[in-house]
Amino acid sequence: MSSSTRAPLHCLTFDVEEHFQVNAFESPERRSRWLDDESRVERNTEKILELLERHRYRATFFVLGWVAERHARLVERIAAAGHEVASHGYGHELISRLTPDAFREDVRKAKKILEDVIGAPVTGYRAPSFTIMPGTSWALEVLVQEGYAWDSSVVPVLHDVYGWPGAEPYLHRIETPSGPLWELPPSTAGLLGARVAVGGGGHFRLYPYPVIRTLLRRIEAKGKTIVFYLHPWELDPGQPRMEGSPLSRFRHYFHLAQVEGRLERLFDDFRFASVREVLPSLTRAFERRQATAAAGTEALARIHAR
Ligand SMILES: [Zn+2]
């Protein structure tokens, strides 16, 4: 770790799923083969764990319930290494295709499986393909009711699968009828007049690394926290190729061989930790800002009332 220990701390996250579970290649036929396909998630996640150990970083792993059921030892190793285990749901279905009841069942099942494996509460959630959007905003209250305290699924961009254009791009508190939920959106940045995702995944592979670094530095310069994400399959250039549309194949396979090297550079250029380590100071700062704003409004009201 070459960065100064006084450099700001950002959130490092991984969505732990098999390469064949991504929504871009999703079909009932493909889903029916999940049990027959070669599992690569364990080996790929181990690669990440080794990389993190070398850099002495801890991260948050959103593990799919389906994966935890079959690879409990992997989840135990993640937790034992000091990383945070959070939930990626159970069956990796887009929320936009689920009823509220089916969603509730999915996030409840995943939470139970993960908590049974690690013997500790699981309080964070990330939706498959970030599909908490205006049409699925009901999911936020379901998460509160199911015992989740924070979510990292709302991406304030325009995209063909996910996105909530105009949503707040940094940590904020969402008030639902059942209570509050902290929302920690994956990082986005303004680029050529549009807001684009820069916090990881395909975007991390698509743009030249110096562009990514510049955009992330801008977030840091604003005093905001970067929320970076990646999938274990993105460090696996040798994975078997799947059938799909040219766009899906491009998004999934582009520059896989460069990811490990880019991660090393990213880890040198910025300082990272798990959400669990970063969130308390972020929520305190948010509450301080809210209190200051409320006091300002009150003072203004008093002046006007005179
Ligand atoms: Zn996923």
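Every number for a ligand or one of its atoms is a count from 1 in the order of the listing.
Applying the salt bridge (Lys or Arg N to Asp or Glu O under 4.0 Å) test to residues at least two apart or on different chains, the pairs with a partner in residues 130-149 are R104-E146, R108-E146. Residue pairs satisfying the side chain to side chain donor-acceptor pair (under 3.5 Å) criterion with at least one member in residues 218-236, sequence neighbours excluded, are listed as follows: H10-E220, E17-W233, R40-D236, N44-D236, R205-E234, R217-E220, H231-E234. For residues 289-305, the set of pairs meeting the salt bridge (Lys or Arg N to Asp or Glu O under 4.0 Å) definition, not counting sequence neighbours, comprises E298-R302.
Side-chain N/O atoms of D151 and S153 include a donor and acceptor closer than 3.5 Å. E29 and S32 form no side-chain donor-acceptor contact under 3.5 Å, judged by distance and modelled atom types alone.
Shown are the protein N/O/S atoms under 2.8 Å from the Zn ion (ligand 1), given by residue and atom: E17 OE1, H88 NE2, H92 NE2.
Not one N or O on the side chain of E18 forms a donor-acceptor pair closer than 3.5 Å with the backbone of S39.
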